[in-house]
Amino acid sequence: MPPAPPTEPTPGPNHANGGAEPPATRHRVVVLALDGLLPFELGIPQRLFGKARDAAGRPLYDIVTCSIRPPGPVETDADFEILVPNGPEALATADTVVVPASYELGPVYEEGVLTPELAAALAHIRPGTRLVSICNGGYVLAAAGFLDGRPATTHWSLAEHFQRLFPKVRVDANVLFVDDGDVLTSAGVAAGIDLCLHLVRRDHGTGVANDVARRTVVPPHRDGGQAQYIQRPLPEPQAATTSTARAWALGRLHEPIQLRDMAARESMSVRTFTRRFRDEVGVSPGQWLTQQRVERARHLLESTDLTIDQVAQDAGFGTAQSMRQHLQGALGVTPTAYRRTFRSTGTPGPTQNVSTARATRPSPASSAAFAKSSTG
């Protein structure tokens, strides 16, 4: 006999709309709380998605927390438990499932296999549901086979172990997160913030995402990948950086910018500057400039009535055709389609530096992810 339809999950006290019944069109995010969870990471989806509002101030997401057992307490890595009001049936109602980190993954971490209880819980997830992991939550997705043949990331200290345990996964330890369309993985701890902001940006545009970032007092983007957080022996003392050149370039994206001019700002040769730039930011100067110009174009398309030609000039692409090619490659949509989707989704924020700390694959949808790779 087919299973009975799932019961509607019970929103917790921090429910995005204060416990009111969500409208049918609201995107539902279900966060899976596993024993040994890290409270900080469990709270990231609630905090970030819960702050996303449309132009009328209405919540854009419905956030629900569930466990793999009937409603009840879930252990954390701290000296307290969390009372989770929903069982695994809530996963069947999700548009997006988020799996935060846990320090008690047991055979998932040790052998790369799911426990029967966890496998039964994940079986509730509907086909086509967007899957997201934070830190070692990626072990759960990998053990379930969701990451086979896909790019993914996890905390830098776990990357080698993760790759050995799941050889079918293409692990990238240098990025803060990876967007592979319907499956997204983040690096450790605070990288979950970067990934959730990216999803808000992908779903509702930069204006809404920037507003969420301001409200939660975090940067909308972070330059560089995980490499900058790994302690390495014998670092070069008082090494020069490329930050001055990047700030100089951001102030004149509408102008032609030559690599030699950026190098001159740091009094370096082009070769040394290029190497230092890639070490610091994760991509080449040319790739970084293109990413900044795409982000500038996104902001203008969302927040102004400039013509497509004017946006192309202001963002530094020169021609509408060049901008169309770059946006199509990065976002999977044309400038006109992007403007039509995001022009009135929220109050746009100021232009922000785009992070190069992620790897993405464009989605066919109009809200496709910004394609970036930290390995260049």
Side-chain angles (χ1 to χ4, degrees), residues 174-177 190-191 193-194 197-198 201 205-207 209-214 216-230 235-304 306 310-318 322-323 326-327 330 348-360 370-376:
N174 296 316
V175 296
L176 291 178
F177 63 81
I193 296 175
D194 299 281
L197 278 175
H198 169 73
R201 187 179 304 111
T206 58
N210 289 346
D211 182 63
V212 171
R214 285 193 296 272
T216 50
V217 198
V218 296
H221 308 278
R222 280 200 289 169
D223 283 336
Q226 291 194 80
Q228 62 187 307
Y229 301 104
I230 302 174
E236 182 180 350
Q238 299 179 341
T241 72
T242 61
S243 58
T244 299
R246 277 180 276 147
W248 175 82
L250 286 172
R252 47 186 48 78
L253 289 175
H254 59 287
E255 302 175 1
I257 298 175
Q258 301 296 324
L259 179 57
R260 62 176 178 272
D261 295 329
M262 294 182 69
R265 292 283 157 179
E266 305 290 0
S267 300
M268 298 180 189
S269 68
V270 169
R271 182 175 181 179
T272 298
F273 176 81
T274 301
R275 183 179 68 252
R276 189 70 51 77
F277 193 101
R278 187 182 290 276
D279 288 343
E280 291 179 12
V281 181
V283 294
S284 70
Q287 290 171 313
W288 179 83
L289 277 172
T290 298
Q291 292 167 359
Q292 304 305 318
R293 284 172 167 151
V294 167
E295 189 68 9
R296 172 68 176 164
R298 292 176 71 172
H299 170 71
L300 294 173
L301 289 169
E302 289 184 33
S303 61
T304 74
L306 294 175
Q310 289 172 325
V311 171
Q313 289 287 340
D314 194 290
F317 289 112
S322 175
M323 182 175 72
H326 282 94
L327 262 69
T351 303
Q352 303 288 342
N353 297 356
V354 66
S355 171
T356 56
R358 55 192 180 268
T360 65
F370 190 175
K372 307 176 185 72
S373 171
S374 73
T375 56

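Atom set for the values below is all heavy atoms of this structure, side chains included, hydrogens, waters and symmetry mates excluded. Starting from 1, each residue takes its place in the sequence as its number.
- Ring geometry, H198 versus F177: the interplanar angle falls from 30° to 60°, so the pair is classed tilted.
- For the atom pair CG (L289) and CZ (R296), the distance works out to 14.5 Å, reported to the nearest 0.5 Å.
- Taking both residues in full, the closest heavy atoms of D261 and W248 are given as CB-CH2, 3.8 Å, listed atom of the first, atom of the second, then distance.
- Between V311 and F317 the shortest side-chain heavy-atom distance does not fall below 4.5 Å.
- Rounding to the nearest 0.5 Å places CD1 of I193 at 11.0 Å from CG of L176.
- How far OG1 of T274 is from CZ of R278: 8.5 Å, rounded to the nearest 0.5 Å.
- Ionic pairing of R276 and D279 is not present here: no N-O contact between side-chain nitrogen and carboxylate oxygen is shorter than 4.0 angstrom.
- Using a distance-only test at 3.5 Å, with no hydrogens or angles considered, a donor-acceptor pair links the side chain of H326 to the main chain of S322.
- Nearest heavy-atom pair, S243 versus E280, reported as atom, atom and distance to 0.1 Å: N-OE1, 4.4 Å.
- Rounding to the nearest 0.5 Å gives a distance of 10.0 Å between CD of Q313 and CE of M323.
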How far apart are the C-alpha atoms of L327 and L301, what are their side-chain angles, what is the distance that settles it, and do they pass the side chain to side chain contact (heavy atoms under 4.5 Å, CB included) test?
-> CA-CA 11 Å; L327 262 69; L301 289 169; 3.7 Å; yes

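- No donor-acceptor distance shorter than 3.5 angstrom exists from the side chain of E266 to the backbone of F273, with no hydrogens or angles considered.
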List the steps, then state whether side chain to side chain contact (heavy atoms under 4.5 Å, CB included) holds for N210 with H299.
-> CA-CA 10 Å; N210 289 346; H299 170 71; 5.5 Å; no

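- Between R275 and M268, the closest side-chain pair of non-hydrogen atoms is not below 4.5 Å.
- In this structure, A249 and I257 approach most closely via the heavy-atom pair O-CD1, 3.7 Å.
- Under a 3.5 Å cut-off, the side chain of S269 and the backbone N or O of T272 do form a donor-acceptor pair.
- You'll find the side chain of M262 reaches within 4.5 Å of the side chain of W288, heavy atoms only.
- Judged by distance alone, the side chain of Q292 and the main-chain N or O of L253 form no donor-acceptor pair under 3.5 Å.
- Minimum heavy-atom separation, A190 to D194: O-OD2, 3.3 Å.
- For the pair T304 and Q310, the minimum side-chain heavy-atom distance is 4.5 Å or more.
- A donor-acceptor pair under 3.5 Å is formed between the side chain of E302 and the backbone N or O of T206.
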